[in-house]
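Accompanying notes for the structure given below.
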There are 2 protein chains.
Amino acid sequence: MTQTVPAPLPADFFPADCPVQSVPVLGSRKWAWRIVRCLEGGPRRFSELRVPLAGITAKVLAESLRSMEQDGAVVRTEYAENPPRVEYALTPLGRTLLGPMDAVCEWSRENLGSLLAARLEYERAER
Amino acid sequence: MTQTVPAPLPADFFPADCPVQSVPVLGSRKWAWRIVRCLEGGPRRFSELRVPLAGITAKVLAESLRSMEQDGAVVRTEYAENPPRVEYALTPLGRTLLGPMDAVCEWSRENLGSLLAARLEYERAER
DNA sequence: CCGTATCCGAACCGATACTG
DNA sequence: CAGTATCGGTTCGGATACGG
């Protein structure tokens, strides 16, 4: 019975090079998860993406796609046509995100109700 | 051969009540994931958490814990002692987060190298 | 010991207008 | 069609000082 108390957490509990703090590609970007989902079925054009991503502005969509491209999750292909056509697609690396994303989505499906209930309960207990 | 082109994405591709956009509990909070990890082994005191979460300020830690408490992922227990002692622990709901978190951590372990390489390559191609 | 109050700067997001 | 430029609002995190 020497282990009734958990060991204290060391200062280097998280290694300096451990950026699991937040998924880099999905970052804190509001739209990144949904963009990945939209590209799951194949390449999409810029304006085509704006339909399901209701409310996104061109600026934010362009910014998001650019940052995902920097991270190697998305490829941008420009066709020399007129009017111009640009397609975005997931790279193999981008596709590897689908696994963890599915895990999170399943978590939401199973536990979101409890979470929302907890919020209401907290609010109720406040007063 | 009628299906060579993927179907266009409908405007209601994402249901209005689908908050998978971002994991509610972990939100966009910078520290939430790490806090869950710190609590995985059992209850921890406020000041005890500040050790592994090197650099976090009291304000941000308190805010983060409060929001996770609101979402029902964490319980706060205050002991009427002097000096005061407060302990934080994962709730059963909070523990369900460990599954998806593991999936994401494994992704990082396997693919973070590729991602960092892609960033460097992108930067190099810029010039 | 366990926070809160206040102020500040950075990051992100959105609206609008304009361009190759 | 596929963006960029500019501006403004909000949200978040960090620093510092103080309170129960």
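Below, chain A is the first sequence line, B the second, and so on; all start at residue 1.
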Atom pair distance, as rounded to whole Å: [atom1] in [X] and [atom2] in [N]:
X	N	atom1	atom2	answer
Tyr88(A)	dC1(D)	OH	P	14 Å
Glu78(A)	dG3(D)	CD	P	7 Å
Lys30(A)	dT10(D)	NZ	C1'	11 Å
Asn82(A)	dG20(C)	CG	P	14 Å
Arg44(B)	dG3(C)	CZ	P	17 Å
Trp31(A)	dC12(C)	CH2	C1'	13 Å
Arg34(A)	dC13(C)	CZ	P	11 Å
Glu81(A)	dG20(C)	CD	C1'	16 Å

Exercise. Would you call Met68(B) and Val36(B) a side-chain contact if the rule is heavy atoms closer than 4.5 Å?
Worked result: yes

Problem set entry | Close side-chain approach of Cys38(B) to Leu53(B), heavy-atom, < 4.5 Å | yes

Exercise. In chain order, what residues pass the side-chain hydrogen bond (donor to acceptor under 3.5 Å, both in side chains) check against Thr96(A), with sequence neighbours excluded?
Worked result: Trp107(B)

Problem set entry | Bending between helix ends of the helix from dC1(C)-dG20(D) to dG20(C)-dC1(D) [5 pairs per end, 10° resolution] | 50°

If you measure from the Lys or Arg side-chain nitrogens to the Asp or Glu carboxylate oxygens, is any gap between [X] and [Y] under 4.0 Å?
X	Y	answer
Glu78(B)	Arg76(B)	yes
Glu87(A)	Arg85(A)	yes
Glu106(B)	Arg109(B)	no
Glu40(A)	Arg37(A)	yes

Problem set entry | Short side-chain N/O contact to dA2(D) OP1/OP2 from Arg45(A), under 4.0 Å | yes

Exercise. Where do Arg124(A) and Glu121(A) land on the salt bridge (charged side-chain N to carboxylate O under 4.0 Å, His left out) test, with the steps shown first?
Worked result: CA-CA 5 Å; Arg124(A) 213 183 50 73; Glu121(A) 175 56 26; 3.1 Å; yes

For this session: Verify the cluster assignment for Phe13(A) and Leu97(B): are they in a single hydrophobic cluster under the rule of side-chain heavy atoms below 4.5 Å apart?
Result: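 Yes, it is one cluster - the side chains of Phe13(A) and Leu97(B) are joined through contacts under 4.5 Å.
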
For this session: May I ask you to list the residues of residues 47-72 of chain B, by number, that have any heavy atom positioned under 4.0 Å from an atom of DNA chain D?
Result: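 Here the set is Thr57(B), Lys59(B), Val60(B).
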
Exercise. Which nucleotide, dA2(D), dC2(C), dC1(C), lies nearest any side-chain atom of Pro83(B)?
Worked result: dC1(C)

